[in-house]
Amino acid sequence: MSGVSKAIVQPLLSWYDAGHRDLPWRSEPAPYRVWVSEIMLQQTRVEAVRGYFSRWMNALPDIPALAAADEAVYTKLWEGLGYYSRVRNLHRAAVLLCEEYGGELPADYDRLLALPGVGEYTAGAVASIAFGLPVPAVDGNVLRVAARLDNDFTPITDAKFKKQTRERFAALMPSDRPGDLNQSLMELGATVCLPNGAPRCGDCPIQHLCEGFHRGNAAVLPLRAAKKARRVENRTVLVVRCGQLVGLRQRPKKGLLAGLWELPSLDGHLSPDELRAALTEMGWSVRKLLSLRPAKHIFTHVEWHMNGVYVELDAPAPALTFVTPAELRDAYALPSAFRSFVSVLED
DNA sequence: AAAGCGGGGGG
DNA sequence: CCCCCAGCTTT
């Protein structure tokens, strides 16, 4: 017997018991902590989450506290973590939980799945880790482990592969330790069954059950669908000063970096003359313009190639919100894309 | 099924 | 440079 089968369960649990990473949401797996950690961990590395998780729990220790928090507060706590719809959904779900479930998470896979921001993976993770329910939690790690175990060349990005993998693991979940089995699979993927052709099969507790290893294919699996090319957007980004204040703009409620604050910017790379003309046209009283070092920021599907310009105004521009550098640092959520330009304010 | 949605660490 | 990360939602 080999591949994804019940034979992997005991070796994985024993291996997990023998040692695993010490993660803050593991040592104290209250449902709220597990839920928040799993949302933060979506498409995000464990090491990036640690600091955010600690600060979040300190500021918003339970579901009612999150439900009652201002948008500016929870958005600021998420600043720099990315995929900001996650934090909006987290808050929406907290409000909903207070209204419908007395401020607690339901111990039920389908009710968890119905929460905003909670998909198949997260519902399975919370159900199994926080509530001990025997449901699988199939993330990118588990998909890779499954493809290698079964020597399966189906692209793991295919929906059918994900569905099949969930079903295969659902059939072998142990009733006593489902959360630990799910975490052992993810731990294996994160520390041993590594991506990019670098599996450490010599350290694997289920090597003897791995069809991919047996066939010599562990390093070439899994397959993935080809990814699309990014488009490039040229922008002229402004560090606007008026006295000691800096001018900010809030992004639209939908789309990229929705609702976050940003440095104002114009489409394209404008020359100093073009920029001065454009700003005058907008009614801004420009006192001084200084070019800053250009910067590039890469998102998943678009690249911003940014020319920075320091702009001094005689009077505040009505379209902007003017704040002190300290207020910007402490209370306004600004995406990482603008970091290099904001550092100009620290002189 | 495909596209949109962040940011960073490591090869 | 490219890869991929404890994915979800919308179209």
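Lettering follows sequence order; numbering is per chain, from 1. The figures here come from the full heavy-atom set of this structure, side chains too, leaving out hydrogens, waters and symmetry mates.
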Just jot down the ring-ring contact (aromatic ring centres under 6.0 Å, His included) partners of Y74(A), sequence neighbours excluded, or say none.
H91(A)
In the 5'-to-3' direction, what one-character label does each nucleotide of nucleotides 2-9 of chain B receive under the scheme B = base within less than 4.0 Å of a protein heavy atom, S = sugar-phosphate only, - = no such atom?
-SSBBBBB
Please identify each residue that fulfils ring-ring contact (aromatic ring centres under 6.0 Å, His included) with F53(A), with sequence neighbours left out.
W25(A)
Write down the distance between CG (L143(A)) and P (dG7(C)), rounded to a whole number of angstrom.
9 Å
Residues from residues 14-25 of chain A sitting under 4.0 Å of DNA chain C, heavy atoms only?
R21(A), L23(A), W25(A)
Is K163(A) touching bases, backbone alone, or none of the nucleic acid, heavy atoms closer than 4.0 Å?
nothing
Cation-pi check, R55(A) onto Y52(A) ring (under 6.0 Å, within 45° of axis)
yes
For a quick test of reading the model: is some side-chain N or O of R224(A) closer than 4.0 Å to OP1 or OP2 of dC3(C)?
no
Are L96(A) and Y109(A) connected into the same hydrophobic cluster when the rule is that any two of I, L, V, M, F, W, Y join if their side-chain heavy atoms are below 4.5 Å apart?
no
Closest listed nucleotide, where the reference is the side chain of T122(A) and the choices are dC4(C), dG7(C), dA6(C)
dG7(C)
Pair assignment for DNA chain B - dot-bracket with | for other-strand partners, Watson-Crick or G-U under 3.5 Å:
|||||.|||||
Using whole Å, what does the distance between atom P of nucleotide dC8(C) and atom CG of L112(A) come to?
12 Å
By nearest-heavy-atom nucleotide on DNA chain C, the more 5' of P116(A) and P195(A) is P195(A)
If you take any heavy atom closer than 4.0 Å to DNA chain C, which residues from residues 123-141 of chain A end up in contact?
D139(A), G140(A), N141(A)
